[in-house]
Asks: 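First, the structure itself, so that you have it in front of you.
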Amino acid sequence: MPPEVPHYRSLATPLVKSSPPSSPESQFNIPVGRKYFKGNKSMVIPGRKLIPSVVFILACISILRLLRIAITTSPSAPLPPTLQHTCSTPSPACEKAPSHTPSNQTAQQKIAADEPSLTKKEFKLLSDLIKRKAPCNLLVFGAEPQYLRLSSINSGGTTIFLEDDPDKISAARAKSNTTQIYKIDHQTPAKKAYKLLEHARKSPACAPNPEMLQNSSCKLALKNLPREVYELEWNVVVVDGPSGHSPEAPGRMGAIYTASMIARAGNTTDVLVHDVDRTIEKWFSWEFLCDENLVASKGKLWSFRISEADSKYGE
């Protein structure tokens, strides 16, 4: 009888318990967390580490481009005033730097002098008055180019200009040899206007007395004018000079005061003051020509009418 052979399972027999075949859908029922957790642990993606580096490089490039645009488009800073005149050799920077030398200021003043002093409406107010009174005696403090036309308007009358600027005098004489224009000196700067006004209010010498104008001790009286100014009776007096454009420049205090004295020497005199938007012209016009005598105005031009009987001012 043959020996018993131990029973061995067939190698083809599975060691695990067989299970019924699963459906196709059941093979996808793996928990999602477990599926992707295993994938994250094992998968390495080099591209994610490069992203911060790429972003940093792009940001640096953008910043450099912005800086380049800002540098190339920003205007160059002007030279400080203390360095604008210290260039030892000519250079584009020196040529473009603004100059504040006296010659440049003179050129700017000449350009300003070519501009009309009066507006069209202001000049019409003045010219219409001259037309009504022509021929008359016309005295003008100032020699702006516009005023030279008044000589022809006042045909047959006497027109005298008083000017302190040699350039304006030369220009006026070049245009008309028959123009009567005299060089006078205004030495009182505009910055002394307030003290002079106080002096006039306190000093009896500044009281209205046209006959004593040449010998007056009033600091506002202009005593060195041409002889004709004191001898003639003036129908119209215009004050548009000296310039008075700065505290150091000659002011119009004496011209307005003298015009008021001259006006009271005649029967009836019209006095016109320009630039009354400025403090000095306004103050001294009110003080010596009196606001109750204001008969017309246009823009920055005031027209006063002074009679011989008007012997008071500043009241």
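Computed from a prediction, not measured in an experiment: that's the story for all the values here. Count residues from 1 along the sequence.
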Asks: With Leu139 as reference, evaluate Leu162, Thr158, Val271, Thr159 under the side-chain contact (heavy atoms from CB on, under 4.5 Å) test and give the passing residue.
Replies: Leu162
Asks: Checking side chain to side chain contact (heavy atoms under 4.5 Å, CB included) for the pair Leu225/Tyr182: CA distance, chi angles, key distance, verdict?
Replies: CA-CA 9 Å; Leu225 301 179; Tyr182 296 92; over 6 Å; no
Asks: So, do Thr258 and Tyr230 sit near enough that their side-chain heavy atoms are less than 4.5 Å apart?
Replies: no
Asks: Might you work through the side chain to side chain contact (heavy atoms under 4.5 Å, CB included) test for Trp302 and Asp291, ending with a clear yes or no?
Replies: CA-CA 10 Å; Trp302 280 355; Asp291 55 352; over 6 Å; no
Asks: With the threshold set at 4.0 Å, does a side-chain nitrogen-carboxylate oxygen contact exist between Arg252 and Glu281?
Replies: yes
Asks: Does the side chain of Lys219 reach to within under 4.5 Å of the side chain of Lys195, using non-hydrogen atoms?
Replies: no
Asks: Do the non-hydrogen side-chain atoms of Ser260 and Phe304 ever get within less than 4.5 Å of each other?
Replies: no
Asks: If Ile, Leu, Val, Met, Phe, Trp and Tyr residues are connected whenever their side-chain heavy atoms lie under 4.5 Å apart, and connections chain through other members, are Leu301 and Trp286 in the same group?
Replies: no
Asks: Just checking Lys183: does its NZ atom have more than 12 heavy atoms from other residues, nucleotides or ligands closer to it than 6.0 angstrom?
Replies: yes
Asks: Asp165 side chain to Asp167 main-chain N or O, any donor-acceptor pair under 3.5 Å?
Replies: yes
Asks: Got Phe56 and Pro52 here, is their nearest side-chain heavy-atom distance under 4.5 Å?
Replies: no
Asks: Do Asn224 and Ile184 come within less than 4.5 Å of each other through their side chains, counting heavy atoms only?
Replies: no
Asks: According to disulfide bond (SG atoms under 2.5 Å apart), does anything in residues 212-242 pair up with another residue at least two apart or in another chain? List the pairs.
Replies: Cys206-Cys218
Asks: So do Thr269 and Ile262 actually touch side chain to side chain, heavy atoms under 4.5 Å?
Replies: no
Asks: Go through the steps for Leu118 and Tyr147 under the test side chain to side chain contact (heavy atoms under 4.5 Å, CB included), then give the verdict.
Replies: CA-CA 9 Å; Leu118 301 177; Tyr147 291 122; 3.5 Å; yes
Asks: Would Glu231 and Arg227 pass as an ion pair if we require N to O under 4.0 Å?
Replies: yes
Asks: Quick one: do Phe288 and Phe141 end up in the same hydrophobic cluster if we chain Ile, Leu, Val, Met, Phe, Trp and Tyr together by side-chain heavy atoms under 4.5 Å apart?
Replies: yes
Asks: Is the shortest side-chain heavy-atom distance between Asp240 and Ser117 below 4.5 Å?
Replies: yes
Asks: Is there a path from Val276 to Val140 through hydrophobic residues (I, L, V, M, F, W, Y) whose side chains come within less than 4.5 Å of each other?
Replies: no
Asks: Can Leu150 be reached from Ile181 by stepping across I, L, V, M, F, W or Y side chains whose heavy atoms are under 4.5 Å apart?
Replies: yes
Asks: Taking salt bridge (charged side-chain N to carboxylate O under 4.0 Å, His left out) as the definition, give me every residue that meets it alongside Asp270, ordered by chain and number, with sequence neighbours left out.
Replies: Lys133, Arg305
Asks: Any donor-acceptor pair under 3.5 Å linking the side chain of Ser152 with the backbone of Arg149?
Replies: yes
Asks: Only one of Ile153, Asn235, Asn154 forms a side-chain contact (heavy atoms from CB on, under 4.5 Å) with Leu138, so which one is it?
Replies: Asn154
Asks: Quick check: closest heavy atoms across Met253 and Leu220, and the distance to 0.1 Å?
Replies: CB-CD2, 3.7 Å
Asks: Is there a side chain to side chain contact (heavy atoms under 4.5 Å, CB included) between Lys168 and Phe161? Walk through the geometry before answering.
Replies: CA-CA 11 Å; Lys168 291 182 180 180; Phe161 297 93; over 6 Å; no
Asks: Could you grab the distance from atom CG of Leu222 to atom CD of Gln214, nearest 0.5 Å is fine?
Replies: 11.5 Å
Asks: If only atom types and distance count, is the side chain of Trp234 paired as donor or acceptor with the main-chain N or O of Val229 below 3.5 Å?
Replies: yes
Asks: With side chains defined as the heavy atoms from C-beta onward, is the minimum distance between Met261 and Pro208 less than 4.5 Å?
Replies: yes
Asks: Tracing side-chain links under 4.5 Å among I, L, V, M, F, W and Y, which residues wind up in one group with Ile61?
Replies: Ile57
Asks: Do Leu126 and Leu289 land in one hydrophobic cluster if side-chain heavy atoms of ILVMFWY residues count as linked below 4.5 Å?
Replies: no
